[in-house]
Structures are given as C-alpha cells and as structure tokens.
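To keep things clear, I will list the structure first and then write my remarks on it.
Just so you know, these numbers come straight off a predicted model, no measurement behind them. Labels below follow one simple rule: chain letters A, B, ... track the order of the sequence lines, proteins then strands, and each chain is numbered from 1.
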Amino acid sequence: MGYLRRLPRFEYLAPRSVVAVCDALAEYPGEARLLAGGTDLILQMRRREVAPRYIIGLKGLSELAFIRPQENGGVTIGAMTTVRTIESSPLIRERYGLLCRTAAEMGSPEIRQSATIGGNLAGALPCADFPPALITLGAQVKLKSQQGERLLPLEEFFLGPEQTVVGPSDLVTEIQLPAPSPLSDGAYVKFHDRHAMDMTTTGVSAFVTLDQERRRFCDVKIALASSAPTPLRAKNAEAALRGQAFTEKAVEKAAALACQEAQPRSSWRASRDLRLELIKSLTKRAIRQAWEKAKAPPDGGRP
Amino acid sequence: MPRRARWPGREHRLAIETMQEHSIIGRPVPKKDAWLKATGEAKYADDHSLPGMLYGKLLRSPHPHARILHIDTSKAERLPGVRAVATGKDFPGIKYGNLPQTRDYLPLALEKVRYIGDEVAAVAAIDEDMAEEALDLIQVEYEILPAVFDPEEAMQPGAPQLHDHAPDNISSQSAFHFGDADRGFADSDLIQEDIFETQPVKQGMLEPHACIGLWDNTGKITLWASKQSPYVVWRQLAMGLGIEPGKIRLVQTYIGGGFSGGKQEAMPMDFCAVLLSKKSGRPVKFVHTMDEVLTIGHLRHPIKIWLKTGIKKDGTLLAQHCKIIANGGAYSSIGQLSMYIPGAMLNLPYRLPNVKYEAYRIYTNNGFCGAMRGHTLPQICFARDSQLDIIAAKLGVDPIEIRLKNAAQPGEVTPNGFRLTTFGFTECLQRVVEASQWREKHGKLPRYRGIGIGCGSLVSGARLMGHSSSTAEIKVQEDGTVLLVTGSTDVGQGADTVLSMIAAEVLGVQLDDVRFAMVDTDITPVDPGTFSSRVTFWTGNAVKLAAEDARRQLAEIAAQKLEANPEDLIFRDRQVYLRQQPQRGLSFGELVRLAEYRLGRIIMGKGSYTSGEELIDFRTGYGNMSPAYTPSACVVEVEVDPETGQVTVTGIWGAHDCGFPLNPMLVRGQVLGASVMCIGQALYENLIRTQGKVMNPSFRDYKMPLATDVPKLANVEHINIITRDPSGPFGAKEAGEGAATGVIAAVANAVYHATGVRIKSLPISPGKVLFGLKEMQGKGNKPANLVKG
Amino acid sequence: MKHLLPVSLRVNGEPYDLLIPPWRTLLEVLRENLSLTGAKRSCQEGQCGTCTVLIDRKPINSCLYLAVEAQDKEILTIEGLARSAEVLHPLQRAFAERGAIQCGFCTPGLILAAKAFLEENPNPSEDEIRRAVVGHLCRCTGYFQIIEAILAAAREMAGKGAQVGH
C-alpha cells in the first residue's frame with residue numbers, strides 16, 4: 001500500500017554544465033533521474049513510484065535557464081526556464097502570447113515558481129498544458145547526450161503517458177520556437193472542475209494564421225491535451241479550416257472532426273463522453289479566440 | 001473594497017447599540033490567538049517534540065475485507081533504529097466507541113480488517129524514515145474475504161457480514177412516526193416523491209491528526225494531541241486500554257481545524273503512541289500523512305434519501321415520509337446519532353404536523369463515516385429544500401412564499417417535542433430576499449444565470465448520552481487579570497475569544513485581561529467537547545455563571561469597603577463603582593488586592609451549566625434535543641457555462657438567527673466558512689471509492705473550494721437575525737454550523753433556475769449539468785428561468 | 001556518512017551551516033533541524049500551501065524542494081517576517097485584525113505568499129488576489145476575510161510606501 005512517505009535515499013549530483021550532466025547520465029545508465037523543478041518527481045518519489053539511485057539536480061544549471069531571441073525572429077527557451085519566467089517574459093509575451101497565457105494559468109504561483117518547461121515536457125503527462133500550446137506554435141525540442149545532440153519537432157517527442165523519446169542518457173536542453181508569422185495568434189482553452197489548480201480534464205490549443213485580408217484561415221494548428229495517450233494534433237480539423245472563411249459552420253465542423261480524431265478514455269476523473277463534449281466545446285472556443293486575437297492589430301488584444 | 005470589513009454595515013449599528021448596554025459583548029474584536037498564529041508561534045501537535053522522542057507509523061490493511069491469519073513482526077523488530085512494534089494483541093481487546101450499543105472500534109485490528117486502511121500494526125523508530133522502512137518488514141498473512149461496498153447490497157441476505165453483532169450489516173437504525181402521516185397524505189392535494197443521493201465528503205481540515213504519547217514508569221499516561229473534544233478521547237483511551245481515566249492526562253495543542261474529522265475521538269494513533277511509549281520507555285509521536293487522513297474515514301455520510309411530501313394546493317405542508325440508507329463504512333463512529341438527526345430535524349425550519357421516518361446505517365467495507373460540520377443535516381436539507389422547489393414549481397408558487405407559509409414560529413413545539421424558544425425564521429427569509437434582490441432576480445436573470453434558496457436549522461448543543469454539562473472556573477489574579485479555565489477547546493472557531501469576552505463583560509475587565517486556558521485534563525474541568533455547536537451556548541453559560549460567582553465574591557468585599565449594597569455595584573472598564581454615584585468606587589485591581597492581600601480571600605468563581613433537557617429516546621425519537629434552535633435561509637446565485645457544464649457561484653446571501661452575535665466578526669467567519677464548505681460539497685467534493693479503494697486521497701484530486709471558486713466580496717453578505725434567546729448567554733445561540741445547512745439546496749435550486757436541469761445527486765458536476773442540458777435540448781425545453789415558477 | 005552533504009542556508013537573515021542527507025526537503029530541514037515550525041506539514045504535494053516559504057523573495061512549496069538545492073539562497077519563513085515582536089508586518093496585522101485567521105494552520109503560508117505577491121503587485125484587484133492565493137487551501141474562512149486582509153494590507157503598505165520594512 002503506497003501511502004505518502006518521506007523521500008527514498010539517493011545520491012545527489014549537481015553537475016555544473018550540460019556536458020557534465022550528459023557525462024553523469026552516461027555513467028549511471030538507467031540509475032539516474034534528472035530533477036528539474038521537482039513538482040512531479042518529488043511526488044513520484046514520495047509515492048515510491050520511482051526510487052532512483054542517483055538524482056541529478058539541475059536547479060543550479062544556469063546554462064539552461066534562458067529565453068533567447070534568435071536572428072530568424074524565433075526564440076529559444078532553455079529547458080530549466082521556469083513557468084513563472086515564461087509567464088513574465090516580455091519577449092514571450094510579445095511574440096508568443098499563447099505561451100505566455102498558457103503559463104499564467106498553470107498551477108499556483110508556487111508551482112510556477114519551481115516548475116520548468118523542460119520538466120513539463122519530459123514528464124509527458126497527458127494533461128500537461130505546455131505540450132499542446134507549444135505543438136501548435138511549431139516548437140522543436142533539442143536533446144543532448146554524450147553521443148551528440150538532436151533536434152526534433154515536439155510532436156514527435158511524446159510516445160505515451162509519461163513516455164517520450166528521451167533516452168536514459170538524454171537531456172532536454174532547449175525548446176526552439178519559429179518566428180511568428182504576421183496575423184497569427186493562438187489560444188489555449190482548458191477545462192477543469194474548479195477555477196484553478198486542477199489537472200486539466202481537457203485542453204485545446206489553436207494557433208491560426210490569417211490571410212492578408214483577415215478573412216480566411218491561412219494556416220491552422222490544433223492540439224489537444226488529455227484527449228489521447230499523448231498530446232494530439234487534430235489534423236483533420238486543421239485541414240477543414242485551412243483556406244476557409246471564419247464562419248460558425250466551419251468552426252463547428254472543425255470541432256466535430258477534432259472529436260473524431262481524439263481518443264479520450266474514461267477514468268474516475270471524467271468519462272469519455274464528457275471529455276468528447278468538452279473537446280467539441282473547447283475546440284470551438286479555442287478557434288474563435290485564436291481568430292479574434294490574430295485579427296486584432298499587434299499589441300491590441302494581447303495581455 | 002471590502003465595505004463590511006471591520007464594522008459590517010448593519011452590524012456596525014448593532015455594535016453601537018450594544019456598546020451602550022455592554023462594554024465587551026457584541027464587538028467585532030479579533031480572535032485572541034490571532035497574533036500568535038500570524039507569527040507562526042502557535043504550536044500545533046506536529047510542532048512539538050520531546051527529548052528522546054521516537055516516531056511512529058501505522059501499517060494499514062491493503063484489503064477491504066480479510067481475516068488476519070498471522071502477523072510476523074520479527075524482521076521489523078530487528079531493523080536497527082526500531083524500538084518497539086505493536087499489534088492488536090498488545091491491547092486488551094476491548095472495543096471502544098461513542099454509544100454503548102455501537103462500540104466497535106479496536107486500537108489495532110485483531111481478527112479481521114474491514115476496509116482498506118484499517119490499522120493492523122504500529123512501529124516506533126528513531127526517525128520517520130526508519131519507521132516507514134520497518135512497516136515494509138512486517139509480514140501479515142491474510143485470508144481474503146468477500147467484501148461489500150454498496151449499502152443496499154450489504155443489506156441483502158447472503159451478503160458478506162462485517163461484524164458479528166450486526167446481522168444484515170445494520171450498524172444502526174432509527175424509525176419514528178409523529179402525527180398521522182397516512183392521514184396527512186390522504187388530505188394532500190399534491191404528493192411529491194423523489195430520490196436524492198449525496199456523496200462521501202471529507203472534513204478537509206489542513207492539520208493532519210498528530211499526537212505524542214508518553215507512558216511513564218509510574219504508569220501515568222500523557223497524550224499531547226490535536227483534539228477538539230479531549231475528554232471524549234480521554235474516556236475512550238481509558239476504555240480501549242482497559243484502565244481508569246484518572247491514569248491518563250490529555251493535553252491539548254493548538255488545533256488546525258476540526259470539523260469532527262477524527263479529532264473528537266481516540267484514534268489508533270493515540271493508542272499506539274502510548275503503548276509504544278510503554279514498550280520503549282520513550283515518548284512516541286505519530287503524524288498522519290494527508291492520504292492517510294483522506295483514506296481512513298470520519299466522512300460525512302453518503303446517503304440515499306427517499307422523500308415523499310404531501311401538500312395542500314395553497315402550499316401548506318401536511319406530511320412527509322422519509323427513508324434513508326446511509327453507507328456507514330466499516331465502523332460505527334457516532335452513527336446512531338447520525339441516523340436520528342435527519343428524522344428529528346426533517347421538518348425544521350418548517351412547520352410539519354405529520355412525519356414518518358425510517359433510517360438505516362449500513363456497514364460496508366469502506367472507510368467509515370461519522371459527524372461532520374452540520375452532521376447529517378446538509379444532506380437532508382439538500383433533499384428537502386430541493387423538493388420544496390419542485391413542489392413550488394408544480395403549484396406555481398414562488399419558492400419564497402411556500403417557505404414563508406410553512407415557516408415554524410417561536411413558541412411552537414414540533415411533533416417530536418422540540419421546543420422552539422426563539423426562532424426568527426420568517427425574518428431570515430424576509431431579510432435574505434431583500435439582500436439578494438430576489439424579487440428583481442428570480443425568473444428574470446439572463447439565460448444560464450439563476451438564483452436559488454435553501455434553508456436549514458440546527459441545535460445549540462445537544463443533550464446526548466453520558467456527560468453533557470459544561471463547567472468553567474475563574475481565577476482572579478492579584479494583578480486584576482483573570483484566568484479562565486474550561487474544558488472547551490478552540491478549534492479556530494473563536495471559543496477562546498467569545499468565552500473570554502463573556503468573562504470580561506461580567507467582571508468589567510478588558511478582554512486582554514482574560515487569559516484562556518487550553519485543555520489539560522489534569523487541570524481543566526471535564527467537558528463533552530466541541531461539537532453540535534454547543535460551546536458558546538453551554539460553556540458560555542458556565543463561564544457566565546463562574547464570572548458571576550467571582551463577581552459576587554468581589555461585590556461583597558467592595559460593598560463593605562464602599563458602604564453600599566452589593567446589588568448597587570457596577571463592574572465596568574476595570575472599575576467597580578456605585579450605579580447612582582459613579583465617583584464612589586475603586587479599581588478592579590485594588591479590589592482584588594484588598595480581597596486577596598488584606599482579607600486573605602482568594603477569588604475563584606465556578607459555574608456549571610446543563611440544559612435540563614430530557615435525554616432523547618433514540619428508539620421513539622421523542623424529546624427536546626437542545627435548549628435552543630437556530631433557523632437560517634441562504635440565497636445563492638450561479639452562472640452556468642452551457643458548453644462545459646461548469647457552475648460558478650456568483651453570489652451568496654445568508655441570514656441566520658444566532659440569537660445575539662457575541663462577536664459579529666467571528667460569527668461572520670463561522671457562517672461564511674461553513675457556507676463555502678457546503679459549496680464544496682454541492683459542486684466539487686467527492687471522495688471517490690472503487691472497490692473500497694479511495695481513488696483520490698489527495699488535495700490534488702479531492703477538490704475543496706479555492707479562493708477563485710467563491711463569489712466576489714460585493715456579492716457576499718451575512719445577516720444576523722437578533723432574537724436574544726432567554727437561555728443563551730447574553731441571548732446567543734449556535735453560529736458554527738446552522739447557517740450552512742441550506743447552502744447545498746440553494747446551489748441545486750439556483751442551477752435548476754439557471755438551466756432547467758434538476759440534479760438530485762451530489763456533487764453537481766459539470767458532466768451532470770452538461771448531459772442534463774443536452775437531454776433537455778433534445779426535448780426542446782427551455783431553461784427554467786425563461787419559464788414562470 | 002558518505003550521504004551527508006554540507007549545506008549553507010541563510011534563513012531569516014541568519015546563516016546556518018548544516019550537514020544533511022540529500023533526500024531531506026527544505027520543509028523537513030526547517031522544521032526538524034532548525035525548529036522553525038511555522039511552515040506546516042500538510043498535503044506534502046504542493047496543493048495546500050501551508051509549507052510555503054520565500055526563496056529569494058519568491059514563494060515556493062518547501063515540501064517539494066530539496067534542502068540541498070537551497071544552498072546559498074535567502075530563505076524567509078514566517079518567523080522572520082515581523083520586524084520585532086512589537087512591530088508585526090502589515091499583512092500579519094491585517095490577517096489578525098480582520099478575521100482572516102481561524103484555526104491558523106494556513107496562515108503562515110498565506111501571509112508569505114501574499115507578501116511576495118504584493119511586492120510584484122502593490123495595488124492588486126480582488127481577482128488578482130484570488131489568483132495569487134490559489135495554491136493555498138483554507139477550510140475555515142471561505143477566503144473572504146483573507147482577501148479583505150490582503151486588500152487592507154496592500155492599502156496600508158502603499159500608504160506608508162517604502163518605510164514598511166522588508
């Protein structure tokens with residue numbers, strides 16, 4: 001019977017550089033866990049879901065705590081950047097309002113102060129809020145190990161609940177966001193029972209780019225949380241909107257398609273039927289809100 | 001801006017009026033211990049430690065129902081750092097509990113475990129890590145027995161039996177009939193029948209149970225613990241250990257919330273702390289983790305309520321027949337009382353001549369249920385006041401009118417013998433209608449917004465079996481300060497302050513001059529405890545008597561000195577003077593020193609209060625349970641998101657007859673806090689159990705309201721209805737629970753008026769609302785607020 | 001013991017040099033090693049906020065934070081908030097005077113979270129306050145008096161400007 005316990009014993013390593021982290025991971029393959037913000041891992045350890053022999057603490061790794069503008073107009077975010085930093089970064093607010101707003105609605109100020117973007121992705125909880133928002137923003141994620149580094153689209157990162165492509169000797173180092181196109185913006189709409197704090201029952205992120213006349217969807221990306229074992233792109237819904245004018249009918253159709261694409265499951269938290277209803281409602285909301293924001297002049301409707 | 005922050009509107013005027021009459025009573029003064037709590041200095045049980053202290057942990061059953069064949073503790077005992085291990089066999093095997101007929105607790109399980117979480121063994125080690133490790137080394141061999149989780153299945157012949165003494169798993173039952181219900185139904189124009197269901201809900205106090213036990217080598221036992229009713233624990237501890245209570249000293253620590261979440265009883269951790277101390281010769285501390293707290297029990301009973309009501313066309317209630325089946329879980333707790341209360345108070349605050357009632361509390365292999373703030377009344381009020389709205393709609397009557405028409409009045413005696421001394425229910429309704437702007441809103445709000453009312457009632461302490469009286473002692477010290485000693489605890493509700501205010505008022509000293517002692521059973525007088533909203537009324541009366549006793553002793557001496565009659569003396573503002581000649585007098589301090597130094601008369605006042613009411617006969621259900629009853633009415637406004645089913649409470653207005661608010665700020669705190677707790681039960685909270693396993697034993701998933709779930713300050717108001725009860729101290733009655741009993745029904749009724757969806761099972765979850773709306777749209781119905789009624 | 005790590009913490013302005021195992025949380029070290037019991041042990045999973053302390057002026061759940069990772073950081077617990085026994089912080093006074101404290105178990109965490117919040121947002125709206133304290137459960141008050149107290153303290157602190165300490 002697993003009641004909450006004090007933390008299991010472990011040896012604590014605090015490498016001072018990314019290279020040193022990769023070396024440590026290589027030295028103790030499968031025996032070490034990376035500790036970022038700790039908001040998930042500490043709990044899993046208390047519940048004895050995991051009891052790693054080595055904990056590699058990343059809090060001191062200032063090398064990975066950054067938000068850096070790129071020459072191409074994009075932004076790179078270090079994996080140890082906290083949710084709070086993302087929420088309050090003027091650069092993120094200016095270029096990726098969607099990400100800023102998503103961050104601001106996560107957990108409590110305390111959680112946001114500790115939790116990191118890398119931890120949120122690597123934890124790979126199906127209910128996590130960053131993945132759908134980042135996927136619709138076209139994020140790529142960089143992994144490093146002693147063998148070298150790889151860059152892959154975030155969409156390809158998740159394999160299942162709490163499962164990712166991150167191997168035992170890999171470290172997520174950064175998230176790269178492409179330059180936002182003009183006339184684009186997005187919205188992440190989530191639902192949970194209370195008005196804050198809860199794990200997301202269902203979440204939908206929509207990111208849209210409008211045509212010059214601001215009449216049609218030029219490009220659309222939709223991704224869902226808590227709707228499948230991994231964050232899910234609703235590609236049929238996206239395709240149905242692409243090139244279309246904004247009409248309630250088009251939005252309805254996209255939402256219906258998103259429901260078809262989703263594979264939510266029933267659990268004691270919520271039934272499949274409820275999640276499907278929510279996916280429909282939230283997809284519509286996310287598209288509408290994204291449309292409104294994209295249509296608004298820059299800085300106009302942004303927080 | 002918080003317009004009612006310090007001197008809340010009407011309460012401000014009330015306070016000014018009161019100040020002319022009283023110097024302390026009626027003022028919204030801060031809680032006495034607030035400064036100690038604001039600086040982190042207040043020590044709760046887990047904040048204490050003793051030299052040489054060991055740390056205890058409990059091993060719990062992983063099975064819902066199993067026979068214990070063998071327990072091997074040898075490996076655990078051999079683990080370095082482990083100092084003692086205990087199993088059920090270390091105790092005398094005496095069952096303990098609340099009422100004689102329902103004692104079924106054991107300190108640790110002996111033959112059987114009856115739910116996932118039942119305590120099987122305990123260890124004490126030099127630190128918590130070691131104690132946890134030791135639990136892993138205890139080997140228990142179980143024979144798994146068939147288990148039953150649903151009360152209706154548990155009542156069937158052939159169902160697994162939990163306790164030998166309880167055939168058909170009936171833990172307790174109650175049945176009574178007052179008036180002539182059959183006749184009442186025959187005379188009715190409309191008969192409404194519904195089934196309502198409530199969910200398991202947890203008190204959710206933030207401080208987990210914690211204690212430190214010490215069994216010294218003279219055989220004296222001391223338990224420092226977070227206990228809201230220390231003397232119940234004291235007695236139960238003695239019972240389960242098979243020793244005299246006189247050998248036990250229980251010392252209360254600061255209490256981080258009670259709500260009857262277990263701090264009113266002796267728990268396995270208490271027994272194990274003292275027993276492991278005996279075995280190890282060291283003090284032993286136990287602290288539950290929050291998932292243990294959420295697993296073990298003391299829940300609010302989930303109840304299935306079948307309710308049939310007969311009513312005249314004009315809205316007069318004639319008869320009610322109610323049957324309830326409660327899922328009691330594995331043990332009784334205070335279950336007999338839990339079953340009596342819904343029937344005994346089914347009618348209140350309404351007038352109802354004919355009542356028929358049957359209740360069954362059923363043992364199942366789940367965590368057990370007991371009392372929780374409001375006891376079983378929030379459940380029954382949810383059913384009754386929801387149904388009253390269904391009836392009002394059918395009759396085309398306004399929900400307020402039907403309540404006004406049937407409002408019980410002061411001076412009435414209910415069919416089961418409750419004597420309503422003061423009972424300002426009609427005024428509660430009138431005032432809450434005004435405050436909430438009911439008439440402007442009801443049926444007139446935009447789509448998906450709705451307003452609903454719910455009402456309830458509560459006792460001001462109950463006359464129960466066993467010891468019921470409260471006692472206070474007042475020690476007047478030579479510096480003119482006062483030490484107030486009672487057996488009552490402050491669980492945060494403000495007993496420390498209100499009881500001190502009563503003493504200060506009577507003796508004419510300042511509130512800061514009164515020190516409130518915490519319970520130490522070696523020093524403080526025996527007391528039933530903090531439950532059923534009894535402390536202000538019962539202990540308050542005892543304090544008043546004790547203070548009057550001390551004042552009488554002082555007045556005699558002052559009268560001699562001032563050459564006056566003792567009756568002509570005024571005690572006020574630390575002065576004692578003649579009513580007619582205020583310039584003739586002396587200071588309170590001078591008087592005390594005159595008494596104690598010159599005359600050698602140490603001033604100690606004593607007072608005891610018992611209500612004089614007869615014991616309730618739980619079999620027939622007849623008798624007056626409490627010296628005074630409080631009615632309340634609550635209006636809630638909600639907004640429903642039709643696309644997600646989410647309900648947001650956007651306003652709450654309550655009126656409650658507390659007799660007289662001794663401290664309006666603390667009364668407001670009680671009422672609003674209790675109301676939000678019931679908003680939690682209405683909308684979010686649900687301890688989900690699958691095959692006896694709690695799926696959400698965590699504050700992440702057991703969802704209590706947050707600051708973002710309660711209405712804006714501008715839409716929150718609490719109104720005190722002043723009736724000055726003749727037996728209450730300075731006219732006061734209950735204030736801790738009653739005002740919230742109608743809140744769940746108010747939410748359910750508001751959701752109905754917003755959406756047309758009538759939800760009869762709690763919580764009112766987004767799924768229920770959303771699918772209810774879909775079903776209605778399928779039928780082409782409109783939300784109720786677009787329809788009259 | 002090879003597991004013990006030397007850690008230097010600065011708590012309420014005082015330096016502490018400790019030797020602790022790495023699996024100790026900051027909450028455990030504050031309560032058990034330093035006897036600073038103002039931060040409470042309740043849910044232990046970052047949901048209730050009773051263990052909130054400030055690290056470098058920002059609120060964190062000390063139950064989810066390894067003490068070794070607080071090396072060289074400035075930690076403020078409720079015990080270090082008042083300037084002296086006589087001069088309490090405006091938030092402490094407002095909580096005490098306005099009925100925001102009943103059982104008091106949530107109080108230390110809430111006051112510290114509110115302090116960090118008011119530093120960032122000295123003139124908050126009611127809604128902003130609600131969102132700032134979602135990491136804190138209070139089962140006694142229903143939150144109303146807590147929100148009122150934070151509003152009142154904000155007003156007082158704004159009025160007094162920089163002269164209010166910390």
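Heavy atoms closer than 4.5 Å to chain B are found in the side chain of C/R31, but not in its backbone. Heavy atoms of B/V671 lying under 4.5 Å from chain C are absent altogether. Of the atoms belonging to B/K712, heavy atoms from both backbone and side chain fall under 4.5 Å from chain C. In this structure, chain C has a heavy atom under 4.5 Å from the backbone of B/I255, while its side chain stays farther away. Only the side chain of C/T107 comes within less than 4.5 Å of a heavy atom in chain B; its backbone stays farther off. With a threshold of 4.5 angstrom between heavy atoms, C/Q102 approaches chain B through its backbone and through its side chain. Heavy atoms of C/E45 lying under 4.5 Å from chain B belong to its backbone as well as its side chain. For B/D129, the part lying under 4.5 angstrom from a heavy atom of chain C is the side chain only. Only the side chain of C/I111 has a heavy atom closer than 4.5 Å to any heavy atom of chain B. Contacts of B/Y254 with chain C are absent, with no heavy-atom separation under 4.5 Å from either backbone or side chain.
Per-residue heavy-atom pair counts under 4.5 Å with chain B were compared for C/T50, C/V134, C/I146, C/L91, and the maximum is reached by C/V134.
One side chain, B/K43 or C/T37, offers a donor N or O that lies under 3.5 Å from an acceptor on the other.
In this structure, B/H209 and B/H298 have tilted ring planes: the angle between them lies in the 30° to 60° band.
A salt bridge is absent between C/R130 and B/D709; no separation between the charged side-chain nitrogens and carboxylate oxygens falls under 4.0 Å.
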